[in-house]
2 protein chains.
Amino acid sequence: MAIDRKQLIIEAATKSFSLFGFKATTMDQVAKIANVGKGTIYTFFKNKEELFDEIISSLISEMKRAADEAMDSTLSFHEKVHRGLYQILEFRLKHQLTIKLFQEEKEMGTPAVMEVMIKLEDAILGYLKEKIVAAIDKGEIQECNPEVTAFIMLKLYVALIFDWEKRNEPLEKEEIAKLFEQYIFKGLSNR
Amino acid sequence: MAIDRKQLIIEAATKSFSLFGFKATTMDQVAKIANVGKGTIYTFFKNKEELFDEIISSLISEMKRAADEAMDSTLSFHEKVHRGLYQILEFRLKHQLTIKLFQEEKEMGTPAVMEVMIKLEDAILGYLKEKIVAAIDKGEIQECNPEVTAFIMLKLYVALIFDWEKRNEPLEKEEIAKLFEQYIFKGLSNR
DNA sequence: AAATGACCGAATTACTCATTTAGTCAATTG
DNA sequence: CAATTGACTAAATGAGTAATTCGGTCATTT
């Protein structure tokens, strides 16, 4: 079969979004990098935003997979959540595309980027919520509101990883796990 | 004695900062509202920022006073922190000036405003830290790092009061107290 | 001595117009 | 003839610039 043009376009766009962000990426540029006529892009994607969305959807899958891989079923719930969340947030910290988008969100407030960041947060919250519900069912943790609990866990992690080091020495991964246990978990655990 | 020009200037500036924010407030405007020549302002304050700083310093005192008033010594540490923090954040939510500055911080990133918001956060953290150290000394709570604990408490409260309601029904004061107890306190308390 | 407001240079804003861009579609290709 | 293309268009952008505004000063007034 001939080269997969759709894949070429996705790869080109990913590269360009990672390098220049959403706004500064032009469709002409994507077409050029992909070695494809601009019109071809529009046979696969309705518009620039849809192309962007498709890329973000894969990113979300990739994140979930990374989080799942960081856990294993022998771990306690508390260790699972710590490793999963840490993995996701580290992913955010290391991945070119997420770094660029994070920056574009706060520096320029590009609407399409804002939207996508909400989607990303929702995906993380949904993922967390799933784990929490499962843990409640198994009696690993107390009854609690899964939405609020997921929200609090995420906020705490973001605060410890991103916000704390704005004004202090960064915390080690182990310290974060310990703090998480001390503040959240000892209050949640059945034992 | 004649009218207190310094006080007039402070009142005029507070009014204008509250109404238009820091950047959009002109010294001519402050002078006009205060019924004072512009030059007079500069006999009391080195520049616009110093005038702003003095106003913020009183604001911080006012906040601390409000927090202190919301507590009484018969309360448990957990109730004290809840009431104090809630008071401070509600203050932020209701006070014209803080609302305007909060908005100016994220929408325009005015440097002078950013600086002052850091100062405000530091004041809250310092205040909290004091209460935490006292509680540790009295054996009311476990040993813990007071800086990190203050930081986590503030972040949790801000998340529950400001961030949660961006995408959900606002939480009642009682719910917030309960969540705070459930997630933070049960893990901290000696009993 | 205290207060003032006209004045100044720097910074910001309003505006304009040439350029760029997202998306279309008639022509082209294999 | 289905897939691909890039010239084309209307809309958005932003560089350049003229005009205004602003923070701060200081000679004058009270």
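Just so it is clear: chains get the letters A, B, ... in the order the sequence lines come, proteins before strands, and each one is counted from 1.
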- Message: What is the separation between atom CZ on B/Phe20 and atom P on D/dC22, rounded to the nearest whole Å?
- Response: 12 Å
- Could you tell me whether the side chains of A/Thr74 and A/Asp72 share a donor-acceptor contact shorter than 3.5 Å? yes
Distances under 3.5 Å between nitrogen or oxygen atoms of protein and nucleotides 6-16 of chain D:
{"from": "D/dG6", "atom 1": "N7", "to": "A/Gly39", "atom 2": "N", "distance (Å)": "3.4"}
{"from": "D/dG6", "atom 1": "O6", "to": "A/Gly39", "atom 2": "N", "distance (Å)": "3.4"}

- Message: In this structure, how many angstroms lie between the C1' atom of C/dT4 and the CG atom of B/Asn35, rounded?
- Response: 13 Å
- Message: From CZ of B/Arg5 over to P of C/dA2, roughly how many Å is that when rounded to an integer?
- Response: 12 Å
- Query: Which whole-number value in Å describes the distance from B/Leu8 CG to C/dA3 C1'?
  - Reply: 13 Å
- Message: Can you confirm whether more than 12 heavy atoms, excluding those of B/Lys173, are under 6.0 Å from its NZ atom?
- Response: yes
- Ignoring hydrogens and geometry, is there a side-chain-to-backbone donor-acceptor pair from B/Ser58 to B/Glu54 under 3.5 Å? yes
- Query: Over how many whole Å does the gap from B/Lys32 atom NZ to D/dT21 atom C1' extend?
  - Reply: 14 Å
- What's the CD1-C1' distance between B/Ile9 and C/dA2, to the nearest Å? 12 Å
- Task: Answer yes when B/Asp68 and B/Lys131 have at least one side-chain N-carboxylate O distance shorter than 4.0 Å, and no when they do not.
- Result: yes
- Item | Verdict with reasoning, B/Ile132 to B/Phe77, per side chain to side chain contact (heavy atoms under 4.5 Å, CB included) | CA-CA 8 Å; B/Ile132 292 167; B/Phe77 171 70; 3.9 Å; yes
- Side-chain donor/acceptor of A/Glu104 to backbone N/O of A/Phe22, under 3.5 Å: yes
- Query: Atom CZ of B/Phe22 to atom P of C/dT12: distance rounded to whole Å?
  - Reply: 12 Å
- Message: Between B/Lys119 and B/Ile60 (side chain of the first, backbone of the second, donor and acceptor by atom type, cut-off under 3.5 Å), is there such a pair?
- Response: no
- Could you check if a side-chain atom of A/Glu121 sits within less than 4.5 angstrom of a side-chain atom of A/Leu154, using non-hydrogen atoms only? yes
- Mind listing the residues from residues 44-53 of chain B sitting with a heavy atom below 4.0 Å of DNA chain D? Number order is fine. B/Asn47, B/Lys48
- Query: Quick check: does any side chain N or O of A/Glu175 sit under 3.5 Å from a backbone N or O of A/Glu172, one acting as donor and the other as acceptor?
  - Reply: yes
- Task: Measure the distance from OH on B/Tyr42 to P on C/dC7 and round it to the nearest whole Å.
- Result: 18 Å
